[in-house]
Protein chains: 2
Amino acid sequence: MELGKTAYVILGMLRLGRRTGYEIKSLVDVSTRFFWAASYGQIYPELARLEKLGLVRGRRADSGGRRRKTYELTADGERALDDWLTSPAPLHLELRHEGVLKAFFSDALAPGERAAQWRRMREQHERVAQQLQAIEPGAAEAADERGERMPLKVLEFGIAYQQFVADWCARMERAEAESAAPVAAERS
Amino acid sequence: MELGKTAYVILGMLRLGRRTGYEIKSLVDVSTRFFWAASYGQIYPELARLEKLGLVRGRRADSGGRRRKTYELTADGERALDDWLTSPAPLHLELRHEGVLKAFFSDALAPGERAAQWRRMREQHERVAQQLQAIEPGAAEAADERGERMPLKVLEFGIAYQQFVADWCARMERAEAESAAPVAAERS
DNA sequence: CTGATCATGTAATTCGTTACATGATTCC
DNA sequence: GGAATCATGTAACGAATTACATGATCAG
């Protein structure tokens, strides 16, 4: 019974409480999205598959005239989640970073053009860092009130990671400025 | 004429010199792989597409009885590459990290189990860091001899990034050890 | 002579995104 | 009354991996 990684996003979210597919997607968008994204096109079919496998149990929960279906973990689902969490299997690590890719090939660029690319890349990472920082108060509250410490720890890591990349861009940006105008740098 | 990002990996590699599909793949595996991977299943069809678009030019270059086809950039290909390198479009940034995903959901785990996961994740990042360090001498040589500075810079970033994540794991690991055995920690 | 490497491709499959279709409810 | 949000799904498409098929050459 080999499950895709995205199945565990769903199982994990369901352990935190009964949820609809829509709610799972909303949660993912403000939490795991930055290191594991998921779209409706994955979540709804995956919920159906997990139900057929007996790992989750769905229940109609219409609210007014609004059709609604909430899911919860079954005992099997709980076990599958724990097995994955404690598994020693090599972790799936994947990074696709267009900015670093451009950097790799940018020897042919003029220093000014390269500096502009560093700036854009830095700004993009700074924006993500700010988005994550905006979420922090809510995560800190959840850590306090519901004892969910790890989501906050992971969020802090996410912020540190974004800043780490942004700092590297800033250093590269400065280096370009110095090599492009060494005389001006000496004067200052 | 919208090109996929992987097309630029090919164009970028071809700017460094005439290459076969096989050589491009080998190069990717020791350089861009860590932030932009590509497989034969992408490279060969993409080369054919780029040739039809007039961005690369293929030429038979059999070596003995070995069928071989080398490619080089056309003027259009060179322009497409530079346009991409200097484009201000938002960068494609994608991260899928199973270790962080597990961390996010690991509140329910025992501290010892969590510590074991930190250790595995740290070791995995340390292994990648070592792989990258093994490549460094070659990249440093290329930087010196052929003036290709950026691949070395990017490699150094890759190593720093792997170590950054490994360090975070190590800190988390220590924190688990302290919370699991605070008395032992005080004694030592 | 045998295994590693060079070399090119295709086919099947998986994974994931985006857009579309549909409709109710809630807030302003 | 209209826009935003809640809610569920499907279809088309795209991106990428893996496995397969084929065959030559080179190093030991």
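First the proteins, then the strands, lettered A, B, ... as listed; each starts at 1.
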Would you kindly give the CD-to-C1' distance between A:E23 and D:dC6, to the nearest whole Å? 9 Å
Atom pair distance, as rounded to whole Å: CZ in B:F35 and P in D:dA16: 15 Å
Between C:dT14 atom C1' and A:K5 atom NZ, what is the distance in whole Å? 13 Å
Salt-bridged, A:E94 to A:K5, with N to O below 4.0 Å? no
Atom-to-atom span, CD of B:E2 to C1' of D:dA15 - whole angstrom: 15 Å
Rounding to an integer number of Å, can you tell me how far A:L27 CG sits from D:dC6 C1'? 14 Å
Check the phosphate of C:dG16 against A:S39, side-chain N and O only, distance under 4.0 Å to OP1 or OP2. Yes or no? no
Quick check: on DNA chain C, is the nucleotide nearest B:Y71 upstream (toward 5') of the one nearest B:R66, or the reverse? Name the residue that is more 5'. B:R66
Is the shortest side-chain N/O distance from B:Q42 to OP1 or OP2 of D:dT17 below 4.0 Å? yes
Choosing from C:dT8, D:dT17, C:dT10, which nucleotide comes nearest the side chain of B:T20? C:dT8
Rounding to an integer number of Å, can you tell me how far B:Y40 OH sits from D:dT17 P? 13 Å
Can you find a heavy atom in the side chain of B:V28 that is under 4.5 Å from one in the side chain of B:W36? no
Can you tell whether the side chains of A:K69 and A:E51 come within less than 4.0 Å, N to carboxylate O? yes
Is it true that, when you exclude B:K25 itself, more than 12 heavy atoms of the residues, nucleotides or ligands shown sit nearer than 6.0 Å to its NZ? yes
It should be established whether A:T6 places a side-chain nitrogen or oxygen under 4.0 Å from OP1 or OP2 of nucleotide C:dC15. no
For a quick check of understanding: with a heavy-atom distance under 4.0 Å over all strands, which category does B:R60 fall into, base, sugar-phosphate or nothing? nothing
Please classify the nucleic acid contact of B:S26 as base, sugar-phosphate, or nothing, using heavy-atom distances under 4.0 Å. nothing
Between CG of B:D62 and P of C:dG9 the distance, given in whole Å, is 11 Å
Could you tell me whether the phosphate oxygens of C:dC6, OP1 or OP2, come under 4.0 Å of any side-chain nitrogen or oxygen in B:S63? no
Do B:E123 and B:H125 have a side chain donor and acceptor closer than 3.5 Å? no
Please work out if A:G21 contacts a base, only the sugar-phosphate, or nothing of the nucleic acid, heavy-atom cut-off 4.0 Å. sugar-phosphate
Classify A:G65 by what it touches in the nucleic acid, base, sugar-phosphate, or nothing, heavy-atom distance under 4.0 Å. sugar-phosphate
Among C:dG9, D:dC6, D:dT8, the one nearest B:Y44 by side-chain distance: C:dG9
DNA chain C nearest-nucleotide lookup for A:A37 and A:R67: closer to the 5′ end is A:A37
Here the distance between atom P of D:dT10 and atom CD1 of A:I43, to the nearest Å, is 14 Å
Going by an N to O cut-off under 4.0 Å, is there a salt bridge joining A:R79 and A:D76? yes
Among D:dT17, C:dC6, D:dA7, which nucleotide has an atom closest to any side-chain atom of A:Y22? D:dA7
